[in-house]
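Please read these numbers as outputs of a predicted model, since none were measured by experiment.
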Amino acid sequence: MTSTSNDVLARMRDTLEHDCHGASHVFVILGASGDLAKKKIYPTLWWLYRDGLLPKKTSFIGYARSKLTVDEIKQKTIKFMKVEKDEEKKLEEFFKLNSYVSGAYDKTEAFSALNKAIDAKGSCNRLFYLALPPSVYESVTLNIKAVCMSKDDKNWTRIIVEKPFGRDLESSNTLSSHLAALFKEEELYRIDHYLGKEMIQNLMVLRFGNRIFSPIWNRESVASVVISFKEPFGTQGRGGYFDEFGIIRDVMQNHLLQILSLVAMEKPPSTGAEDIRNEKVKVLKSIPPVLMENVVLGQYIGKKGGEGEEAKGYLDDPTVPKGSVTPTFASCALFVKNERWDGVPFILRCGKALNERKAEVRVQFRDVPGDIFREGEVKRNELVIRVQPNEAVYMKMMMKTPGMSIDCEESELDLTYDNRYKGVKMPDAYERLILDVFMGSQIHFVRSDELHEAWRIFTPLLKQIDKEKPKPIEYVYGSRGPKENDKLCTEFNFIYTGTYKWVKPQPHL
């Protein structure tokens with residue numbers, strides 16, 4: 001029997017009530033006037049409040065340089081909140097719990113005013129969400145530590161830090177050292193929203209809750225692993241921001257590497273946060289730095305005869321510097337040098353302006369030995385974990401074609417969440433992660449040594465790219481990316497036949 005949305009929400013409320021013990025909480029959004037706060041943080045807090053998933057005594061304070069009112073914040077954010085007609089009264093209740101303080105990020109007296117607003121809420125736990133550019137992290141965290149920490153021993157203070165966590169190993173280490181000097185590791189929550197997605201969290205259960213995968217999850221059976229992230233749109237006028245980082249820093253070094261560590265890690269002793277993070281770090285420590293010879297870099301150009309955005313290339317974005325060689329597509333092959341995975345390529349690929357929106361993990365198994373069927377008819381098995389859209393787990397398998405002859409065709413064993421779990425609302429990634437911070441669970445957050453290893457793997461490549469400025473390979477808006485990527489995948493033992501396409505199952509009437 002499947003869970004219903006009400007069952008899921010009830011279990012989450014019970015857990016929250018148990019872990020938060022009825023304490024008062026104040027959630028402070030630093031950077032409340034910015035894009036992230038408007039599009040993600042305020043809407044997420046509203047959804048959690050609407051569903052009764054926040055501790056009962058929770059209030060919210062926005063903080064930014066802009067002189068704003070709570071009503072102005074409401075007008076900015078409401079279009080992202082997905083408010084139903086029968087929820088308008090509840091929305092008013094939510095905004096009554098909000099207040100706003102205007103102040104600079106580098107003035108202690110401004111943070112004293114913020115602290116005064118927090119103290120007015122009484123004895124409470126304090127959560128600070130840094131929805132801010134990294135350039136102000138240092139001054140903001142110094143001021144939080146100086147005047148905004150909880151003074152009561154029974155109350156805690158937690159800091160949520162948004163990526164990017166630096167630009168390379170050196171800058172990341174500098175930031176980590178700065179934060180470590182101010183806060184304990186258990187007070188820091190480095191948020192990577194990909195770790196909050198349903199199918200990423202499902203990897204743990206899929207791997208360690210099923211006997212069938214244990215004997216084949218290794219170099220004896222696995223030919224290659226491909227972890228993909230594809231977006232069907234370009235920079236959409238935000239190329240200036242993107243150009244500072246590029247696709248490797250923006251997606252590959254964090255999101256995809258985090259997924260790799262969950263796919264490749266050994267079984268932890270428990271589902272405790274530190275046990276899981278210990279195993280992830282062991283995997284990352286086993287990965288040598290990426291070599292340029294194992295990398296493909298691309299940049300999209302406009303589609304001839306295309307309409308609207310698809311007619312524009314990356315360099316047509318007026319916010320992108322002229323002649324920029326920043327990649328909008330990247331793929332690379334990594335290797336985990338341990339007993340389980342030695343020799344198995346892990347291929348990471350990500351890009352903008354591609355043919356579809358998709359994020360998935362694809363574990364491709366080795367060829368069947370002693371094949372008795374017609375040459376080329378039997379294709380490799382694949383286990384696919386589709387993260388978005390249309391969350392699913394399916395196993396690509398060979399089946400007999402219906403009829404008189406013994407012919408083979410590709411089919412699948414399919415768990416599509418929309419069909420199996422009808423009526424169950426799956427929380428947004430930010431909902432899960434913010435709820436985790438309230439409950440003090442760090443399972444889905446990045447530890448400082450994880451961050452160090454991730455940057456160690458990619459920093460030599462990033463420095464080489466910054467220094468040599470190789471010209472990326474052009475690919476057309478809406479294509480699968482550079483053809484050289486297919487060549488890289490073939491070279492590293494991933495066979496793409498193109499004869500099979502997963503189709504989202506239609507519900508039975």
Less than 4.0 Å between a side-chain N and a carboxylate O, is that true for [Y] and [X]?
X    : Y    : value
E450 : R447 : no
E274 : R277 : yes
D317 : K352 : no
E266 : R340 : yes
R190 : E185 : yes
R480 : D486 : yes
E187 : R158 : no
E453 : R456 : yes
K463 : E170 : yes

Flag side-chain contact, heavy atom, 4.5 Å: [X] against [Y]:
X    : Y    : answer
L130 : I159 : yes
I41  : Y129 : yes
I29  : L45  : yes
V361 : V384 : no
I61  : N98  : no
F128 : F27  : no
S221 : R366 : no
L383 : I385 : yes

Checklist entry - Between L284 and I457, does a side-chain contact (heavy atoms from CB on, under 4.5 Å) hold up when you go through it step by step? => result CA-CA 8 Å; L284 296 176; I457 293 163; 4.1 Å; yes

Checklist entry - Do the ring planes of F365 and W217 sit parallel (below 30°), tilted (30 to 60°) or perpendicular (above 60°)? => result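 Perpendicular, since the angle between the ring planes exceeds 60°.
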
Distance, nearest 0.5 Å, that separates [atom1] of [X] from [atom2] of [Y]:
X    : Y    : atom1 : atom2 : value
L114 : T108 : CG    : OG1   : 12.0 Å
E138 : T174 : CD    : OG1   : 9.0 Å
T44  : I434 : OG1   : CD1   : 5.0 Å
L142 : K145 : CG    : NZ    : 11.0 Å
S228 : E360 : OG    : CD    : 5.0 Å
L488 : E293 : CG    : CD    : 11.0 Å

Next on the checklist: Taking atom NZ as the centre, does K303 end up with more than 12 heavy-atom neighbours from other residues, nucleotides or ligands that are less than 6.0 angstrom away?
Outcome noted: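 Open.
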
Checklist entry - Has K230 got more than 12 heavy atoms of other residues, nucleotides or ligands less than 6.0 Å from its NZ? => result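 More than 12 heavy atoms, drawn from other residues, nucleotides or ligands, come within 6.0 Å of this atom.
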
Next on the checklist: Assess the residue pair T141 and H178 against the criterion (side-chain hydrogen bond (donor to acceptor under 3.5 Å, both in side chains)); give the C-alpha distance rounded to whole Å, side-chain angles, the decisive distance to 0.1 Å, and a yes or no.
Outcome noted: CA-CA 9 Å; T141 49; H178 169 78; 2.8 Å; yes

Item to check | ring-ring contact (aromatic ring centres under 6.0 Å, His included) evaluation trace for F111 with Y63 | outcome: CA-CA 9 Å; F111 277 80; Y63 183 92; 5.0 Å; yes

Backbone N/O of [Y] and side chain of [X]: donor-acceptor pair under 3.5 Å:
X    : Y    : answer
N143 : S139 : yes
T459 : D168 : no
K469 : D466 : yes
S441 : D436 : no
R249 : R167 : yes
D342 : E339 : no
W46  : M81  : yes
Y137 : E162 : yes
E72  : T69  : yes
S261 : V283 : no

Going by side-chain contact (heavy atoms from CB on, under 4.5 Å), name the residues that satisfy it together with [X], two or more places apart in sequence or in a different chain.
X    : result
S66  : S33, L68, Y100
P470 : M292, L297, I465, E468
K82  : W47

Checklist entry - Residues in ring pair (Phe, Tyr, Trp, His ring centres under 6.0 Å) with F245, at least two apart? => result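 So F245 forms a ring pair (Phe, Tyr, Trp, His ring centres under 6.0 Å) with Y241.
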
Next on the checklist: Using the ring pair (Phe, Tyr, Trp, His ring centres under 6.0 Å) criterion, which residues pair with F492? Sequence neighbours excluded.
Outcome noted: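 Expected list: F335.
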
Checklist entry - Is there a salt bridge (Lys or Arg N to Asp or Glu O under 4.0 Å) between K282 and E279 once you walk through the steps? => result CA-CA 5 Å; K282 285 179 190 174; E279 296 303 331; 3.3 Å; yes

Checklist entry - Can S176 and N173 be said to form a side-chain hydrogen bond (donor to acceptor under 3.5 Å, both in side chains), step by step? => result CA-CA 5 Å; S176 290; N173 284 347; 5.3 Å; no

Next on the checklist: For a quick test of reading the model, state the closest non-hydrogen atom pair linking L348 to L257 and the distance between them.
Outcome noted: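 Nearest pair, atom of L348 first, then L257: CD1-CD1, 4.4 Å.
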
Item to check | Steps toward side-chain hydrogen bond (donor to acceptor under 3.5 Å, both in side chains) verdict (R380, N493) | outcome: CA-CA 11 Å; R380 288 177 169 181; N493 206 14; 3.0 Å; yes

Please list every donor-acceptor pair under 3.5 Å in which a side-chain atom of residues 324-334 meets a protein atom from a residue at least two apart or in another chain.
{"unit_1": "S324", "atom_1": "OG", "unit_2": "D243", "atom_2": "OD1", "d": "2.6"}
{"unit_1": "S324", "atom_1": "OG", "unit_2": "T326", "atom_2": "N", "d": "3.2"}
{"unit_1": "S324", "atom_1": "OG", "unit_2": "T326", "atom_2": "OG1", "d": "3.1"}
{"unit_1": "T326", "atom_1": "OG1", "unit_2": "D243", "atom_2": "OD1", "d": "3.0"}
{"unit_1": "T326", "atom_1": "OG1", "unit_2": "D243", "atom_2": "OD2", "d": "3.4"}
{"unit_1": "T328", "atom_1": "OG1", "unit_2": "Y300", "atom_2": "N", "d": "3.1"}
{"unit_1": "T328", "atom_1": "OG1", "unit_2": "Y475", "atom_2": "OH", "d": "2.9"}
{"unit_1": "S331", "atom_1": "OG", "unit_2": "N485", "atom_2": "OD1", "d": "2.9"}

Next on the checklist: Run K280 and Q258 through side-chain hydrogen bond (donor to acceptor under 3.5 Å, both in side chains) and show every step you take.
Outcome noted: CA-CA 8 Å; K280 287 168 67 184; Q258 282 290 322; 2.8 Å; yes

